Each structure stands twice: as structure tokens, then as C-alpha cells.
Amino acid sequence: MTYLFISDLHLSPDHPRLVRGFLALLKEYKNNNTQLYILGDWFNAWIGDDYSAPWLDEIITALQEFTAANNHVYFQVGNRDFVLGKKFLALFNATLLPDVYILEINHKRFRLEHGDALCTDDVAYQRFRKVIRNPVLLGILKRTPLNFRQKLANGFRKKSSETKQLKSYDIMDVNLHAVENAIHQVDFLIHGHTHRPEIHEVINKKRIVLGDWREDTAWILEINERENFKLDFKKWSY
């Protein structure tokens with residue numbers, strides 16, 4: 001069995017090459033008995049499971065073929081697609097994971113998460129995250145018209161871009177103390193969000209940071225349990 005980990009694809013109709021890259025990944029791993037884990041920010045913005053569009057239909061069809069070939073897809077929400085839910089995932093028999101999930105492979109424990117909760121130095125963002133992820137507020141938002149949610153998402157993206165320009169690079173990275181707490185009872189921590197692909201040593205354990213997808217390359221983590229636990233962190237070209 002092959003375990004594949006990706007994050008921060010930021011798929012949208014505005015970047016068709018990223019969409020083609022994801023479709024190419026599904027095709028390449030279709031016959032590998034693959035467990036695909038998408039750790040957040042799969043889409044650049046997700047305004048609700050009632051959203052539909054031709055570009056999204058192509059992705060859904062490819063995922064249906066992927067899961068029909070004895071593969072499985074697991075998804076954790078990110079800061080861009082935290083309203084993506086079970087209704088959409090059910091279209092291709094995928095599984096929604098909690099914000100923090102412990103996966104065991106060959107007696108090794110992996111903690112999976114998007115990574116934004118580890119950026120505790122960014123106090124303003126953590127405050128916003130707590131408010132916007134409130135279940136009551138989310139329930140209200142999901143009942144608003146689709147076009148209203150689209151405008152709201154566009155406003156959030158614009159505000160986020162403007163705010164990032166005013167913050168230091170370090171503030172938007174993970175906090176070491178938060179990482180040490182997260183990795184304490186596992187062997188590996190895998191996350192995305194920061195767009196800084198790297199493998200770090202933390203208290204004799206490994207923190208693997210998945211990179212964001214670009215126009216022709218993506219960082220992926222592949223673990224093959226059939227080859228004596230082969231862990232391959234690589235830049236994948238499509």
C-alpha cells in the first residue's frame with residue numbers, strides 16, 4: 001500500500017494548470033493501492049458543498065475513478081476550505097478527518113494536521129480562526145445565498161493578502177513550543193500551511209512540512225510500507 005500526503009494545492013478555475021497537475025497525480029497513483037491524504041487548502045476557497053462548476057465536475061469524475069480503483073481519499077480542512085464537508089466528499093466516497101488525526105503505519109505514529117493552529121505567534125489570525133470556525137456561525141453562513149458567500153470569500157482573501165504584507169515572515173511560521181507539544185506523543189508530525197517544504201528534527205523526531213503547489217511542480221510525501229517503510233519526500237513534476 002502507498003500512503004501519499006499533499007496540501008496547499010489551492011485549486012481554482014483561475015489556475016487550470018494546478019487542476020491538471022492534481023488530475024495527473026490521481027492518474028499516476030491510480031493503480032498503486034493508494035491512501036491519499038489531503039491536509040487542507042485543497043481549494044483556494046470553498047464557499048459550500050452546494051457549489052458546482054464544470055471545472056469541479058472534472059475533478060469529481062477523476063476522484064470517482066480513483067476511489068473505484070481500490071484507492072481512498074482522506075481530507076482535513078485548511079484555512080481556505082474549512083467549510084468543505086461530508087456532502088461533497090460523499091460524491092467520491094472520501095473521508096473527512098478531524099483537525100488533528102493520528103495515523104499508524106508500520107508501528108509508527110503520524111500526527112496529521114493542516115498546520116495553521118501551530119502558528120500561535122500570529123495572535124490576530126488565531127483569534128479570527130476561533131471566531132470563523134465557530135459551529136454556530138458556520139451553520140448560519142451555510143444557509144446564506146451562494147453569491148453572498150462568494151463575495152465574502154473574496155473579501156477574506158483580499159484582507160488576508162493585505163494583512164500578510166504587514167506581518168513578519170517569522171510570525172506566520174509555526175511556534176516551536178506548539179510543535180514540541182504536538183509531536184510529543186508521536187513519531188512524525190506532518191503538516192502544510194506555511195508553504196516552507198522541509199524535514200525538521202524536533203526532539204529526535206521528524207516534522208515534515210508539505211509545500212504548496214506551483215504551476216508545474218508540487219511537494220509530495222510518499223510512504224511505501226511494502227519497501228521496508230520507504231519515506232520519500234520529493235518535488236514532483238507534472
Side-chain angles (χ1 to χ4, degrees), residues 3-10 35-44 74-82 84 96-134 156-157 159-214 217-223 229-236:
Y3 297 84
L4 190 65
F5 303 86
I6 57 176
S7 73
D8 300 281
L9 288 72
H10 297 282
Q35 303 286 303
L36 174 61
Y37 290 83
I38 306 173
L39 307 189
D41 284 7
W42 185 4
F43 296 95
N44 198 38
Y74 299 88
F75 173 70
Q76 283 182 315
V77 301
N79 54 294
R80 297 274 187 154
D81 48 18
F82 55 87
L84 194 155
L96 179 65
L97 298 179
D99 288 348
V100 173
Y101 181 73
I102 306 300
L103 172 68
E104 187 169 308
I105 306 175
N106 280 14
H107 308 294
K108 301 289 186 182
R109 287 167 55 83
F110 293 78
R111 175 176 169 133
L112 313 180
E113 59 183 291
H114 177 59
D116 56 333
L118 299 171
C119 302
T120 56
D121 291 334
D122 193 345
V123 178
Y125 169 73
Q126 294 300 331
R127 188 182 300 119
F128 171 78
R129 183 181 186 272
K130 184 176 181 179
V131 171
I132 200 64
R133 299 277 295 268
N134 183 286
F156 282 155
R157 286 203 305 272
K159 182 66 175 179
S160 176
S161 178
E162 292 172 350
T163 302
K164 283 181 179 179
Q165 295 178 13
L166 302 176
K167 294 179 180 178
S168 72
Y169 209 48
D170 290 338
I171 284 179
M172 293 185 290
D173 202 355
V174 298
N175 174 277
L176 181 58
H177 183 64
V179 168
E180 290 176 345
N181 285 339
I183 208 171
H184 181 66
Q185 294 183 331
V186 296
D187 302 292
F188 296 86
L189 169 63
I190 304 175
H191 70 83
H193 181 67
T194 63
H195 298 188
R196 304 181 187 185
E198 189 64 73
I199 298 180
H200 302 271
E201 292 289 335
V202 181
I203 54 175
N204 297 318
K205 300 177 181 183
K206 285 184 169 57
R207 174 171 74 97
I208 304 173
V209 186
L210 303 170
D212 58 321
W213 283 45
R214 303 298 174 92
T217 57
W219 285 93
I220 66 174
L221 172 66
E222 179 183 333
I223 297 176
F229 191 69
K230 179 186 177 184
L231 190 154
D232 192 9
F233 187 53
K234 59 186 177 182
K235 199 168 188 178
W236 181 70

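Residue numbers start at 1 and run along the sequence shown. What you see is a predicted model, and the numbers here were worked out from it, not measured in a lab.
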Residue list, salt bridge (Lys or Arg N to Asp or Glu O under 4.0 Å) with K205, at least two apart or on another chain: none
More than 12 heavy atoms from other groups under 6.0 Å of NZ on K235: no
Crowding at CD, E201 (>12 non-hydrogen neighbours, <6.0 Å): yes
Would you name the heavy atoms of [X] and [Y] that are closest together and state the gap between them?
X	Y	answer
R80	F43	CB-O, 3.5 Å
G192	S7	CA-OG, 3.4 Å
E113	D99	CB-O, 3.3 Å
V174	G115	CG1-O, 4.4 Å
A182	L118	CB-CD2, 4.0 Å
H114	L39	ND1-O, 2.8 Å

Nearest-0.5 Å distance that lies between atom [atom1] in [X] and atom [atom2] in [Y]:
X	Y	atom1	atom2	result
D8	T194	CG	OG1	7.5 Å
N204	D187	CG	CG	11.5 Å
F233	F5	CZ	CZ	12.0 Å
Q76	L84	CD	CG	12.5 Å
D232	E222	CG	CD	6.0 Å
L189	R109	CG	CZ	12.5 Å

Whether Y3 and Y37 hold their rings parallel, tilted or perpendicular, with breakpoints at 30° and 60°: parallel
Donor-acceptor contact present, side-chain E180 to main-chain V202, <3.5 Å: no
Whether N134 side chain and V131 backbone form a donor-acceptor pair below 3.5 Å: no
Measuring only between side-chain heavy atoms, which start at C-beta, is [X] closer than 4.5 Å to [Y]?
X	Y	value
R133	F82	yes
L4	Q35	no
L210	L221	yes
F188	I208	yes
D116	Y125	yes

Set of side-chain hydrogen bond (donor to acceptor under 3.5 Å, both in side chains) partners for R214, sequence neighbours left out: D212
Distance-only side-chain donor-acceptor flag, D41 / H193, under 3.5 Å: no
Derivation of the side-chain hydrogen bond (donor to acceptor under 3.5 Å, both in side chains) call for H191 and R111: CA-CA 8 Å; H191 70 83; R111 175 176 169 133; over 6 Å; no
Intermediate values then yes/no, side-chain contact (heavy atoms from CB on, under 4.5 Å), I102 and E104: CA-CA 7 Å; I102 306 300; E104 187 169 308; over 6 Å; no
Residues F110, I105; criterion side-chain contact (heavy atoms from CB on, under 4.5 Å); working and verdict: CA-CA 8 Å; F110 293 78; I105 306 175; 3.9 Å; yes
Test side-chain contact (heavy atoms from CB on, under 4.5 Å) applied to N175 and T120, N181, D122, the passing residue: T120
R196/D173 ion pair, N-O < 4.0 Å: yes
Set of ring-ring contact (aromatic ring centres under 6.0 Å, His included) partners for W42, sequence neighbours left out: F22, F75
